[in-house]
**Q** 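Attaching a single structure in structure tokens format; questions to follow.
One is the number of the first residue; the rest follow in order along the sequence.
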Amino acid sequence: MKITYLGHATLVLEVNGVKILIDPFISDNPRAQDIIVANIEADYIFITHGHQDHVLDVEEIAKNNDATLVSNFEIISWYGKKGLKGHPMNLGGKYTFDFGTVKYVNAVHSSVLPDGTYGGNPGGFVLWSNENCVYIAGDTALTEDMKGIPRTCPKLDLAVLPIGDNFTMGYEDALIASDYVQCHRIMGYHYDTFPPIEIDKAQAQALFRSNDKELLLPKIGEALEV
């Protein structure tokens, strides 16, 4: 499994030959100007919640690729009215796709779509295949619901957690979250895009190292092998 970071909370996962795009926010991200939206390939687009900084480029990329959206019922219904195809899920449910299994898990946050429509409950995704198992938390506070992930999903190879603080948990809480999900290899995201979520990256990584854990902070456009 390969994960490419496209800035903010946007990722591309390549799993068993399938490309899964997470929360596309590129065209209005000043730090991702080298990423060309029209060139992005996606078989699926996963949406954790409805905020603009997670859905801005969904329609363009979905139409360019005839991609299937995966999110909660409310978000999939909203995009369905725009002619986009999707697979609705809800918290606690799992489904086996052609690339592997996905469980939609709780996130503590808010969610509203760009036109003010209620965006349903925010969530995160645990995705596993014959290759690996990855947790993508979405925007969330630290929550003890995370403790259920090791009990209901395969052992995690990587947890992708927000670390920017202010709108989500910060890196100190992400360290605690890594204990809850029983994964010592963390990739941070949702940081540095805007002034309120700028962090001291060296300090964050040092905190993880001092607790015998790894905090990966890839550059925009950089890929990681899981």
**Q** Give the intermediate values and the outcome of side chain to side chain contact (heavy atoms under 4.5 Å, CB included) for residues Asn16 and Met1.
**A** CA-CA 7 Å; Asn16 290 328; Met1 182 187 298; over 6 Å; no
**Q** Can you name the nearest heavy-atom pair linking Lys213 to Leu175, along with the distance?
**A**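 Scanning both residues, the minimum pair turns out to be NZ-O, 3.4 Å.
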**Q** Please check this pair: side chain of Asn72 against backbone of Gly119, looking for a donor-acceptor N/O pair closer than 3.5 Å.
**A**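 Answer holds: yes.
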**Q** Distance to the ring centre below 6.0 angstrom and angle to the axis at most 45 degrees; does that hold for Lys82 and Trp78?
**A**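 Yes, cation above the ring, under 6.0 Å and within 45°.
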**Q** Please determine which of Asp53, Asn29, Asp28 meets the side-chain hydrogen bond (donor to acceptor under 3.5 Å, both in side chains) test together with His8.
**A**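 Exactly one pass, corresponding to Asp53.
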**Q** Are Phe208 and Tyr180 linked, directly or through other ILVMFWY residues, by side chains that come within less than 4.5 angstrom of each other?
**A**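 Yes, it is one cluster - the side chains of Phe208 and Tyr180 are joined through contacts under 4.5 Å.
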**Q** Would you indicate whether the side-chain heavy atoms of Val70 and Tyr104 approach each other to under 4.5 Å?
**A**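 Contact flag for Tyr104/Val70 side chains = no.
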**Q** Ignoring hydrogens and geometry, is there a side-chain-to-backbone donor-acceptor pair from Thr168 to Asp139 under 3.5 Å?
**A**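 No; judged by distance alone, with no hydrogens or angles, the pair does not exist.
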**Q** Tell me if a side-chain donor or acceptor on Thr68 pairs with a main-chain N or O of Tyr44 at a distance below 3.5 Å.
**A**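 Answer holds: no.
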**Q** Where do Asp23 and Thr48 land on the side-chain hydrogen bond (donor to acceptor under 3.5 Å, both in side chains) test, with the steps shown first?
**A** CA-CA 7 Å; Asp23 286 355; Thr48 62; 2.6 Å; yes
**Q** Evaluate the side-chain proximity of Trp128 to Val134: yes if any heavy-atom separation is below 4.5 Å, no if none is.
**A**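 No - every pair of side-chain heavy atoms lies 4.5 Å or more apart.
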**Q** Any donor-acceptor pair under 3.5 Å linking the side chain of Gln205 with the backbone of Leu215?
**A**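 At least one qualifying donor-acceptor pair exists.
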**Q** Measure the acute angle between the ring planes of Phe46 and Phe99, then classify it against the limits of 30° and 60° as parallel, tilted or perpendicular.
**A**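 Phe46 vs Phe99 ring planes: tilted.
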**Q** Assigning hydrophobic clusters by single linkage (Ile, Leu, Val, Met, Phe, Trp, Tyr; side-chain heavy-atom cutoff under 4.5 Å), is Ile199 placed with Ile220?
**A**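 Ile199 and Ile220: one cluster.
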**Q** Has Asp157 got a side-chain atom pairing as donor or acceptor with Cys133's backbone, closer than 3.5 angstrom?
**A**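 Such a contact is found between Asp157 side chain and Cys133 backbone.
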**Q** Has Ser129 got a side-chain atom pairing as donor or acceptor with Gly100's backbone, closer than 3.5 angstrom?
**A**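 It does not hold such a pair.
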**Q** Spell out, as yes or no, whether a donor-acceptor pair under 3.5 Å connects the side chain of Asn121 to the backbone of Asn90.
**A**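 Checked: no pair found.
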**Q** Hey, does the side chain of Gln182 reach the backbone of Ser178 with a donor-acceptor pair shorter than 3.5 angstrom?
**A**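 Flag not set: sc Gln182 to bb Ser178 has no pair under 3.5 Å.
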**Q** I'd like to know if Val160 and Leu142 are part of one continuous hydrophobic network [Ile/Leu/Val/Met/Phe/Trp/Tyr, side-chain heavy atoms within less than 4.5 Å].
**A**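 Per the 4.5 Å side-chain linkage, Leu142 and Val160 are co-clustered.
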**Q** With Glu41, which residues qualify under side-chain contact (heavy atoms from CB on, under 4.5 Å), at least two apart?
**A**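 Glu41: side-chain contact (heavy atoms from CB on, under 4.5 Å) contacts with Lys19, Asn65.
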**Q** Where is the tightest heavy-atom contact between Met146 and Ala177, given as atom of each residue plus distance?
**A**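 Shortest heavy-atom contact: SD-CB, 3.6 Å.
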**Q** In terms of relative ring orientation, are Tyr95 and His87 parallel, tilted or perpendicular, with 30° and 60° separating the classes?
**A**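 Tilted, since the angle between the ring planes falls between 30° and 60°.
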**Q** Which atom names give the shortest non-hydrogen contact between Cys183 and Ile186, and what distance separates them?
**A**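 Between these two residues, the closest heavy atoms are O-CD1, 3.5 Å.
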**Q** Between Tyr189 and Tyr5, is the ring centre distance below 6.0 Å?
**A**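 That pair fails the under 6.0 Å test.
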**Q** Closest heavy-atom contact between Gly92 and Lys103?
**A**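 Gly92 and Lys103 have their closest heavy atoms at O-NZ, 3.0 Å.
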**Q** Before you tell me yes or no, could you show the steps for Thr10 and Leu21 under side chain to side chain contact (heavy atoms under 4.5 Å, CB included), namely the whole-Å CA-CA distance, both residues' side-chain angles and the distance that decides it to 0.1 Å?
**A** CA-CA 7 Å; Thr10 307; Leu21 177 67; 3.9 Å; yes
**Q** Considering all heavy atoms of both residues, which atom of Ser111 and which atom of Gly120 are nearest to each other, and what is their separation?
**A**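 Heavy atoms of Ser111 and Gly120 come nearest at CB-O, 3.4 Å.
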**Q** Could you tell me whether Phe25 and His54 have their ring centroids closer than 6.0 angstrom?
**A**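 No: the rings miss the under 6.0 Å criterion.
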**Q** Show the nearest heavy-atom pair for residues Ser27 and Asp57, with the distance to one decimal.
**A**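 Heavy-atom minimum between the residues: OG-OD1, 2.6 Å.
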**Q** Step by step, work out the side chain to side chain contact (heavy atoms under 4.5 Å, CB included) result for Ile26 and Leu6.
**A** CA-CA 7 Å; Ile26 299 161; Leu6 299 185; 4.2 Å; yes
**Q** Verify salt bridge (charged side-chain N to carboxylate O under 4.0 Å, His left out) between Lys85 and Asp66, making sure each step is shown before the conclusion.
**A** CA-CA 8 Å; Lys85 64 183 181 181; Asp66 191 30; 3.4 Å; yes
**Q** Can you find a pair of side-chain heavy atoms, one from Glu74 and one from Thr117, that are under 4.5 Å apart?
**A**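 Sidechains of Thr117 and Glu74: no contact.
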**Q** Could you check if a side-chain atom of Met187 sits within less than 4.5 angstrom of a side-chain atom of Leu158, using non-hydrogen atoms only?
**A**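 The answer is yes; the side chains approach within 4.5 Å.
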**Q** Any heavy-atom pair between the side chains of Phe194 and Asn166 that's under 4.5 Å?
**A**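 A side-chain contact is absent here, since even the closest heavy-atom pair is not under 4.5 Å.
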**Q** Set out, in order, the CA-CA distance, both residues' side-chain angles and the distance that settles salt bridge (charged side-chain N to carboxylate O under 4.0 Å, His left out) for Arg185 and Glu214, then state yes or no.
**A** CA-CA 5 Å; Arg185 191 180 190 216; Glu214 184 179 18; 3.6 Å; yes
**Q** Working note: Asp165 + Ile197, criterion side chain to side chain contact (heavy atoms under 4.5 Å, CB included); need CA distance, chi angles, decisive distance, verdict.
**A** CA-CA 6 Å; Asp165 224 328; Ile197 61 172; over 6 Å; no
**Q** Parallel, tilted or perpendicular: which fits the ring planes of His190 and Phe167, with parallel below 30° and perpendicular above 60°?
**A**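 Perpendicular.
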**Q** Do the non-hydrogen side-chain atoms of His49 and His109 ever get within less than 4.5 Å of each other?
**A**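 Counting from C-beta outward, His49 and His109 do come under 4.5 Å.
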**Q** Taking the side chain as every heavy atom from C-beta outward, state whether Ile22 and Ile136 have any atom pair closer than 4.5 Å.
**A**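 SC-SC contact between Ile22 and Ile136 confirmed.
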**Q** Does Asn39 use its side chain to pair, donor to acceptor, with the backbone of Ile35 at less than 3.5 Å?
**A**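 Not confirmed, Asn39 side chain does not pair with Ile35 backbone.
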**Q** Okay, side chain of Thr140, backbone of Ala137: is any donor-acceptor separation there less than 3.5 Å?
**A**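 Checked: no pair found.
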**Q** Around atom CG of Asp34, are there more than 12 heavy atoms from other residues, nucleotides or ligands closer than 6.0 Å?
**A**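 Atom CG in Asp34 is not packed in, count stays at 12 or less.
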**Q** Take Glu198 and Arg31 through the salt bridge (charged side-chain N to carboxylate O under 4.0 Å, His left out) test and state the conclusion after the steps.
**A** CA-CA 12 Å; Glu198 290 176 351; Arg31 295 176 178 265; 3.7 Å; yes
